[in-house]
Each structure stands twice: as structure tokens, then as C-alpha cells.
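Excluded from the calculations below are hydrogen atoms, water molecules and symmetry mates; all remaining heavy atoms, backbone and side chain alike, are included. In what follows, chains carry the letters A, B, and so on, assigned in the order in which the sequence lines appear, proteins first and then strands, with residues in each chain numbered from 1.
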Amino acid sequence: MSRPYAKLPGWIDYGLIPLINLVVAFLVAGLVVLVVGESPIQAAVLMIRGAFGYAEGVGFTLYYATNFMFTGLAVAVAFHGGLFNIGGEGQAYVGGLGVAAVALSLGAILPWWLNLPLAIVLSFAFGALWALIPAYLQARRGSHIVITTIMFNFIAAALMVYLLVGVLKPVGSMAPETRTFDIGGQLPKLKGLFHLLGFNLGGAPLNVSIFVALVAAVLVWLLIWHTRLGYEIRTLGFSPRAARYAGMSETRVIIVTMMISGGLAGLMALNVVMGDQYRLGIDFPQGAGFVGIAVALMGRGHPAGIIPAAILFGMLYQGGAELSFDMPAISRDMIVIIQGLVILFAGALENMFRPAIGAAYQRVRFRASEPTGAPVKEAR
Amino acid sequence: MAEPAIELIGIDKSFGVVRANRSIDLRVERGTIHGIVGENGAGKSTLMSIIYGFYQADSGEIRVGGKKVEIADPNAAITHGIGMVHQHFMLVHNLTVVENVMLGAERSPLLGSGIAKVRAELKRLETDHGLEVDPDAIIEDLSVGRQQRVEILKALYRGADILILDEPTGVLTPSEADHLFAVLKQLRDEGKTIILITHKLREIMAITDTVSVMRQGEMVATRPTAETSVGELAELMVGRRVLLTVEKGQAAPGGPTLSVTNLTVKDSRGVTMVDDVSFTVRAGEIVGIAGVAGNGQSELLEALSGIRSATRGELVLCGREIDPVAENDPAEIRRIGCAHVPEDRHHMGLVLPFEENENAILGYHDDPRFNKGWLLDRDAMRRDARSKIEAYDIRPDNCRLKTVNFSGGNQQKIVLAREMERDPDLLLIGQPTRGVDVGAIEFIHKRIVAMRDAGKAVLLVSVELDEIRALSDRILVMFAGKIVGERGPGASEGELGLLMAGVDGTEAAA
């Protein structure tokens, strides 16, 4: 007995199906807009214009997309190893400590381009360490990674409140955040670069972290598909028994995979803490760790899919903010609904239309090949 | 002529580009046992799934008792008196026999009346057909043969007149299989119609009245069993002549390559699966381990290959002492010279979503040949995969194709190529031809004998007694974790069958 539906060509699998899912998500979102008495078309125009219609909007969109690239890559790496890392939020949050440690101590001494590599190393290390404990518990004690990483999000939140209210807060300040970093602890914005190209980014917080994110995407691609470790990660992800058979240490692969995943999530802190806010504040990840799950799902765990998925979600964030500003009937919560619909259709229900699309494709193909009378042979 | 029990006319079924069934015609007479044989992927299971309503045919019609019927789902099949016994039993392990038979036919939210009815009905079936089984036994306490009987009872309870059995003897001892055949013959004599799907030609010859052969989605022949032979059926299945016996010369064993002393292995629940086992495998011989599945063979192989820790015992492999109690690294055992073709090809020997060339290095991915510094050397992997594809005639010859798209026989060849081409001193090989088509079986058997003739030690585990007898130079029989006997290659099937069932052969013979 064979597979329920045959393999489809790449352009359908990775292009057409996600597109149809997305269109359906927006159609349903349009119905929601219609119910609250606004024009869906106008809302869509406002949203897209808000995200891509002018340079500053693009700057914001890409700034948000940078966050989602980091967290999306983080979730994807763990996912290849069969591990569902829900803890990106907490790992990013704790990663902020690594960034702050560099920026607070060396911000007045070293220029940003020397602090950046240090901050990369430390934020990665802090995120990785935050993932280490759940990883160890999974590998050695069998505690389910989903449960422990969720719990570690709460622990991270509590820890950070403690640190920001007590230890890290400057004396005399009322705000639960660190002091503003010195100039060496601030990553340059890309305003100047875009200005050379004739665009005015205005106040958009887009900064050099996006290049770090793009490099990270390439490195993740190399890691997963072109290194021995990536081979082991994928083997474990698909079949723990095959990994055992091949002599791979499950404990080692789980721990290393989760640490890389946590590290990538930790890098997200660069963009927000060092690239925009210039201080470590309460709850700066703002849910990006969770959006990373949707981004990774939609991007099919491949960096080439994660980058556009991250930009899409950046658009939803930025365009959604503009939309709720311009259409008072559409509240912030409505934007969350639209984002939720995209996650639902593009992530959770990604296979809903596949059988129908596959059947339609076969029909078209059969009609094309029938006149020759050649029976199509099974690929075996 | 009387109306046939079931008749298929022009059944077509495609899965995407794969045409699993092509204009199949089949006529099964009432009160007969009708065998359907074919290689894996020939479309037997698809055809039966159409009859049982799991799939809908793209075109064609099904007639039951002469009337055209639509079978939209298994419930419709049951309504038309069609019952199915699956290869993998569909029983709830922690429920009793009565509860399992009742499942899906409870009739009311309160179970009382349903249970009483099932009990009465089981009693009647027992007296009518001699299918006795304790109605209050928990399924997991029953032997596999008994569990299968419960499956048959389930179908009969639902009023099945036509009984489809999918590879029913795969999990049975020879004597359990004989019991089953006796039951099937009796059911036939009482007017039931039985469709038997199998790849074991000897069973077809032993029990069926008529046999149909499928090949590549087509029904190529239907014969009265009395007028055909195993040779003809094999030829029809494969489309060419096949050698059914393995040609091999006398073994010339050398010194011991593997010595196992007092090995005891427990499974994760703490149940002793291998119980104080000692044996040796010498260079240049094939030692076969016969036994019904689940008598410790799997755990033995896993302990020998370092996948599972033993609780006690000693191992000497290629002159090196290995502590089987310690947590061993299978990669290390492999380096010493022990290759392992695992029983569970799909979850252990291969990673099905991987490309073929990725699977061709599984377990050897640390080899410098496949690595360039930090990166895997993709070119070297593909070159290596292509040469193995050629040497083992793996089809299709595309090392970039996902492994899941290869047929069972070709998947097994991928594993064999990987493990044999390393020129190991010891080859552990479990179920080498499970789910493998007849043509590939011949090839695999030749390769195993060639390994032996090259002076390698081979430990063969198989539940196919024919395979064990054809290949082995010595046969060990495992029962309940112990080695209960050693026989030469000339041992009769009956003798081995008794040992496999836990009956001491010498006593029985005496």
C-alpha cells in the first residue's frame, strides 16, 4: 500500500500551498473586519501601506522581522531535532542579560563594532544556558521539553523582574530598567545607509542586527544540512532509534541542539536592547519568542522560508499597528486575531488544502499525459 | 454456476501518479478459500482495502452475492457481510475478549445487555466452529494465536460471510499456523468464503482452493490451486524465473569471531528477554537463530550491536573483550568490525525522510571520507552512494531521492550495501527479507552466502523458517529468551517448529 498522496513538485509545496493558506487566512480576517463594520479592502490597503508603503514603515517592518528571524531560527533548529522549544521567549529575555553585561561594562570604553561581537557571544551564551536546564532534564530525566521550556519562560520573567527592580536598576530611578547604555553600547541604525539609497527611514529602529540575523540564517542552513552535527540532529529528529543504532549520543545531541536553539533566541536581545532601546527593560521580547514558533512552522524549518515568514509577521505587526491607529473600530486585539488566523491557517492547518490541491494537480497532469497512452510508472 | 460470493469488475485505483490497481477483475466463489499472492507493492493490500471500504475505487464495481454494492466505509462492508482480520491486530490490549468483540457494537450506553449478548454469541460460535477462547481473558495475556482468533471472532460476531485475512501467519509459530488453517478449512466447510492474502507460496498450496496472482497493480492470473505449482506462481509474481533455493557449498569455518557467554538482557520494563545465552559464531559460517517473533531475538541483536545494555554476560568480538553490561557505543562496536542490518529497517536501519545518499552513511558519518573539516562532504557522499547503487542494483538509481520512495526490497539493499561494503568481520542481520519482494530475496540471499564464503561470520535472525533452513550452517532455536536447541541445516521443519514452540525436540521424538 502506498502513500496516501504522491509527492508534489516544489513550487506547489513551498509556493502555492503557503500562498493559498495565507489568502484564506486574510479572507477570514476580512470577514472579521466586515463584522465590526469596516471595509476589509480598505483595511488591507491600510495595513499593507502601513508596512510597505513608505520607507519608515518598511524600517519598522524589517525591525520586527529581525526579531522573528532570530526566534524563528531558534525554534526551527530545535524542531529538526524533534524538540519543541516553546521557551524562546524566556531565552531571549535572559539573552538580554548578556547584551546588557557587555553594553553596561564596556559601552564607555570600546566602540560598538568591538562590543557587537562580544554581545553576540554573551547573549548567545545566556540564551543557551537558559535552554541547558530543560535540555538536560529532557535528555537525562525524560521531563518533556515543552513543559519545562514553558515553565522556564515564567522563571525567566520572575528572575528578570527581580534583577531589574533590584540589582540592575540605577539608584533613584523609578523605572524597572537599567541605565541607558553609553554610546559604545548602542548599535547604529540603518538610517544613514538607506539615506544613501535615497530612502528616509525616519524614526524606524532598524539596525545592524538584521545583518547578524541574515548571517545566522546562513549558518543555520549550513549547520542543519551540511555538518555532521546537523546530520545527527536530523537523524534524532526523525528517528531516535536510528540515532541510537548509528551510535549517536541522544543526550549530547539534545543538549547541544537546545543550546544552539536557546542561543539563537538569545541573539534576539541584540536587536531590541542594543539596537533600539539602549537599555534592558521589563518584558522587552514582547511575545517574539512565541511568534517564532509560527514563523518556523510557516517557513518549514528552512532559513529560506523563515526569512520571508519573519517579514510577513513583521508586516502584520507594523501594518497592524498602523491599521488600529487609522481605523479606531479595529482595536489592537483585532490585530491579534488577524495574526492568530495567519498562524492558524499557515501553521496549524497547513495541510488542510493539500489533498485537494494534490488531486487537482494530478488531474491536470493526467489529462496532459493521457493521449500518449503511456501508463505512469510508480517511482520505486 | 452459482453466484460468486464477491465479484470485482474493472477496479481501478490510483494514488497520485501511482496506479495501485489497474482494471482488476476477481471472482471469488462461495464456500472457497481464495488466495491472493503478489510481491510487495503489487496492489494486494490496496485491493483488499477497497473491498473493506478503506478506499474508494476510481472506477469499476463490486458485487456481493450478485448485487452491485457501494462500500463507502468499513461499516458498509460489515453490513454486506465482509469481515477483515488485519496483519496488525486491531485489539485493545487492556480490555477483555468480550469487550473487544463488543467494541463498536455496544448498542446502548449501558453495557449490560451488550455484554450478555456477546457472551451468548461467543458461546454459540465456540460450539459451532470450535473457536474456543476465554471470554474474560485480557487480550495482552493471550498468545498471539489466540489474539488472532479474537480478531476472527470479532468478524464473525458482526455477521461476516466473507472473511479477508491479510498475511495471517506472519506472527504465528508453525503449529499455531496449522491451527489457523484447520479453523479456516472448517469455516469454509460451513459455507463461509475466505480470502487469504499472503506472500508465502507454500501456504497457498497447502490451504487454498483457488489462487490469484497480482503483479504491478494487475491481476495476472487465476488458477485452481491443484493445477499450479510453487514455481509457476513465483514466476507469475515476479514476471521471470526465480531460484527458490539458495545455492551454496560446504561451510569452511575458522576460529570464533563472536563468543557470547551467559548473556542476559532485560527490556525497559525489567522483563528478562534474553536468558543466560551462550554461543559462538565462527568465521566463514552462517549461524541462524530461529524462533517466533518476540522470543528475545531482537534484544539479543541489540545487545550484541551495543544498542542495548545487558544485565550480565561476556562478549568477545574479533578477539576483543566487550563488556555488554556497560553502556556501549554502537559506533565503537562497528569500528571493531561488527556490521548490523537491523530488523526494524524503517525506524532503525534507515531514516526514511532522508535522501538515499544520507542513509548510505548512517552510522559511518564520522568517517573522514565523508567529512571536510566541519562540513559534510556532499560530493563524496553522493559518489559513494552512486557506486553502491550500481553494485547492489538499487532502483531507481537516484541517490538524491528520499528513501521513503524506494520499495521495501530496495530499501533493504540500501542498508545491506552500507553494512556489507564495509567488509566487516561479523555481520548481524535481522529479518533480511521481511517485506522484500521475491526477486530481491534471491539477491540478498546470494550476498549473505558470498559474505560467508569470503570468510566472514554471519549471525542471521529470521522468523521465516524457510530462510533459516536455506541459509544457515548451524541453527539455534530461541524460545522465551533461551536457546533451546541447536540443529544442523538438515533439521526438519517439524523438529524446529516443536523447538520454537518450547517443546523439547528430543523428548518429542522419543
Side chain of [X], backbone of [Y]: donor and acceptor closer than 3.5 Å?
X         : Y         : answer
Thr227(A) : Trp374(B) : no
Arg244(A) : Ile307(B) : yes
Tyr245(A) : His340(B) : yes
Arg378(B) : Trp225(A) : yes

Which atom of [X] lies closest to which atom of [Y], heavy atoms considered:
X         : Y         : result
Ala331(B) : Ala246(A) : CB-O, 4.1 Å
Gly247(A) : Asp329(B) : O-OD1, 3.3 Å
His365(B) : Met248(A) : CE1-CE, 3.4 Å

Atom [atom1] of residue position [X] - does it have more than 12 heavy atoms of other residues, nucleotides or ligands inside 6.0 Å?
X         : atom1 : result
His347(B) : NE2   : no
Arg140(A) : CZ    : no
Tyr392(B) : OH    : yes

With only heavy atoms counted, which part of [X] is less than 4.5 Å from chain A, the side chain, the backbone, both or neither?
X         : answer
Glu358(B) : both
Ile394(B) : neither
Arg418(B) : side chain

Here's a test for you: under side-chain contact (heavy atoms from CB on, under 4.5 Å), which of Asp366(B), Leu376(B), Asn371(B) qualifies with Tyr231(A)?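 Single side-chain contact (heavy atoms from CB on, under 4.5 Å) partner of Tyr231(A) among Asp366(B), Leu376(B), Asn371(B): Leu376(B).
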
[atom1] of [X] to [atom2] of [Y]: how many Å apart, nearest 0.5 Å?
X         : Y         : atom1 : atom2 : result
Lys372(B) : His226(A) : NZ    : NE2   : 10.0 Å
Leu362(B) : Ser239(A) : CG    : OG    : 8.5 Å
Arg228(A) : Asp367(B) : CZ    : CG    : 10.0 Å
Thr235(A) : Leu350(B) : OG1   : CG    : 11.0 Å

* side-chain contact (heavy atoms from CB on, under 4.5 Å) between Asp344(B) and Arg241(A), intermediate numbers included -> CA-CA 9 Å; Asp344(B) 186 350; Arg241(A) 279 162 59 75; 3.2 Å; yes

